[in-house]
Number of protein chains: 2
Amino acid sequence: MPESLPSPGDSPSQVPPAVVSRLSLYLRELQHLLRNGQETTSSSDLGDRLGFSDAQVRKDLAYFGTFGHPGIGYRCDELVAAIKGILGTHQDWRIALVGVGNLGRALLGYRGFGNQGFRIAAAFDSDPAKVAQPIDDVPTYLLSDAPRIVAEKEIRLALIAVPAPFAQEVADLLVQAGVHGIVNFAPVTISVPKTVSIVEVDLAIELEQLTFAVVNKPKSG
Amino acid sequence: MPESLPSPGDSPSQVPPAVVSRLSLYLRELQHLLRNGQETTSSSDLGDRLGFSDAQVRKDLAYFGTFGHPGIGYRCDELVAAIKGILGTHQDWRIALVGVGNLGRALLGYRGFGNQGFRIAAAFDSDPAKVAQPIDDVPTYLLSDAPRIVAEKEIRLALIAVPAPFAQEVADLLVQAGVHGIVNFAPVTISVPKTVSIVEVDLAIELEQLTFAVVNKPKSG
DNA sequence: TAGATTGTTAATCGATTAACAATC
DNA sequence: TAGATTGTTAATCGATTAACAATC
């Protein structure tokens, strides 16, 4: 039987960042197994599916507690709940989206946040024409209303989908408004206070990782 | 004066993956410096801007050759050319996009590939209605035409932007058609032969990394 | 020249892997 | 019970940092 579920904030102060991203992969795979009716799994099964060793799966989880059953493995539903607790996604998170261009609209239309505990609760743009009406049921506002709306709706995360030259000022405004975490899609490094977390997603960089790998493959053309 | 430019494929067989992703960040920052008229930089300047140590910048570059000038630093244009050579983006890459939904259309409309050496040369979907006409000047085709079009246009990279349940079969088809590298936006782990490179981009996972960081911040609410 | 900065080696630090007693 | 599998410790491996001679 597992210990009491971990509550967010309990995590040991020094967990390697790589561990946290694997946790997300474990979660995704466990949810997949559950959908297929599989009730338990083991560190070697889970590792095999994702390309990690059984030892790594167990070590990663051990940073946060003991969630398995010796001789049995892990109950998928228990481990899902445990990992959600660790990642902080047992609660729902409201998100602000800034920038209602092509990418912004795609993010607004993306189903797939929902079942992971995320919801875009407001979208902002500085162009009045783009925020004239709700998009995919998400209310839209002028960027200048962000401080008020973020406070009212208790929004803590934001997605920045504006052109690169505006990303830093938008980030500053969001931080000012009380946002604690930002995913930045603009291809520029932005700086935020140490109290704010940031994740950068840059498509060109992902593609460069790919070309490097392709060009340096052992052999195949 | 730098050695001859590295040509793709020259890279030492064992370069840590983290080094390659920093290389992309160096490139992005160097291009930013160039646009601002800055002709040279140093490992400590570059490191400061991105949050790395000067030693790390120099060590990363040393995996691939010597590109700096002792006492002077690095000429931005030389280093840009060198890094593009390493990453393989000195040449242009043609890309296939599969899945013309919300995300697919956003990717088609994304300006920002272009100046990094990438171009979406064809878009595919299995719904005839979605591929009735070009989108943002990109020709669209039925997915079943992918093998022929990929060969004709000498496409080597692909973006998968289809719903999760279809991602694996689309990947299989693309590999069959001769694609060497895939960026997968579907929230599912897909497997490809060892000769094919893959990069996974999952928005929910990025957000989970963020909530973990937010929930575990030293202190701030 | 003196000051700045590289490329590289050696030392430190951190993460992964292997092994195994404890458990079901 | 015998077989399976965990959680954890110790050993290995790899990446980062610090230091410095060489260079401009």
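Residue numbers start from 1 in every chain, and the chains themselves are labelled A, B, ... in the order their sequence lines are given, proteins ahead of strands.
Annotation: ring pair (Phe, Tyr, Trp, His ring centres under 6.0 Å) contacts of A/Tyr26 (sequence neighbours excluded): none. Listed by chain and number, the residues in a ring pair (Phe, Tyr, Trp, His ring centres under 6.0 Å) with B/Phe124 are B/Tyr141 (sequence neighbours excluded). A/Asp77 pairs by the salt bridge (charged side-chain N to carboxylate O under 4.0 Å, His left out) definition with A/Arg75, not counting sequence neighbours. Checked against salt bridge (charged side-chain N to carboxylate O under 4.0 Å, His left out), B/Arg94 has the following partners two or more places apart in sequence or in another chain: B/Glu154. Listed by chain and residue number, nothing satisfies the salt bridge (charged side-chain N to carboxylate O under 4.0 Å, His left out) test with B/Glu206 (two or more places apart in sequence, or in another chain). A search for ring pair (Phe, Tyr, Trp, His ring centres under 6.0 Å) contacts involving B/Phe113 returns B/Tyr110, not counting sequence neighbours. The side chain to side chain donor-acceptor pair (under 3.5 Å) search around B/Asp202 returns A/Arg28, not counting sequence neighbours. Legend: residues meeting side chain to side chain donor-acceptor pair (under 3.5 Å) with A/Asp45, ordered by chain and number and at least two apart, are A/Gln38, A/Thr41, A/Arg49. Every salt bridge (charged side-chain N to carboxylate O under 4.0 Å, His left out) that B/Arg58 has, sequence neighbours left out, goes to B/Asp54.
One finds a side-chain N or O of A/Tyr74 lying less than 4.0 angstrom from the OP1 or OP2 phosphate oxygen of D/dG7.
Between the P atom of D/dG7 and the CG atom of A/Leu79 lies a distance of 9 Å, rounded to the nearest Å. The interatomic distance linking B/His69 (NE2) with C/dG7 (C1') rounds to 13 Å, in whole Å. Spacing between atom CZ of B/Arg75 and atom C1' of C/dT5 amounts to 16 Å, rounded to whole angstrom units. Per the geometry, CZ belonging to A/Phe67 stands 19 Å off P belonging to C/dT23, to the nearest Å. Rounded to an integer number of Å, the gap from CG of B/Leu61 to P of C/dT6 is 9 Å. Atom CD1 of B/Ile72 is separated from atom P of D/dC24 by 9 Å (rounded to the nearest Å). Going from atom CG of B/Asp60 over to atom P of D/dT16 covers 7 Å, rounded to whole Å.
The nucleotide whose nearest atom lies closest to any side-chain atom of B/Thr66 is, among D/dT5, D/dT8, C/dG7, C/dG7. Nearest to the side-chain atoms of A/Arg22 among the listed nucleotides C/dT16, D/dT17, D/dA22 stands C/dT16.
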Item to check | Watson-Crick or G-U pairs under 3.5 Å in DNA chain D, rendered as dot-bracket with [ ] for crossing pairs and | for another strand | outcome: ..||||||||||||||||||||||

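Where B/Gly71 and A/Val19 each meet DNA chain C at their nearest nucleotide, the meeting point lying more 5' is that of B/Gly71.
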Every protein N/O lying under 3.5 Å from an N/O of nucleotides 12-14 of chain C:
none

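Between A/Ile160 and A/Ala167 the shortest heavy-atom distance is CD1-O, 4.0 Å.
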Next on the checklist: Could you go through A/Leu203 and B/Leu159, starting from their C-alpha distance and side-chain angles, then the distance that decides it, and tell me whether this counts as side chain to side chain contact (heavy atoms under 4.5 Å, CB included)?
Outcome noted: CA-CA 11 Å; A/Leu203 213 29; B/Leu159 310 176; 5.7 Å; no

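Residues from residues 29-58 of chain A that place a heavy atom under 4.0 Å from any atom of DNA chain D, listed by number: A/Ser42, A/Ser43, A/Arg58.
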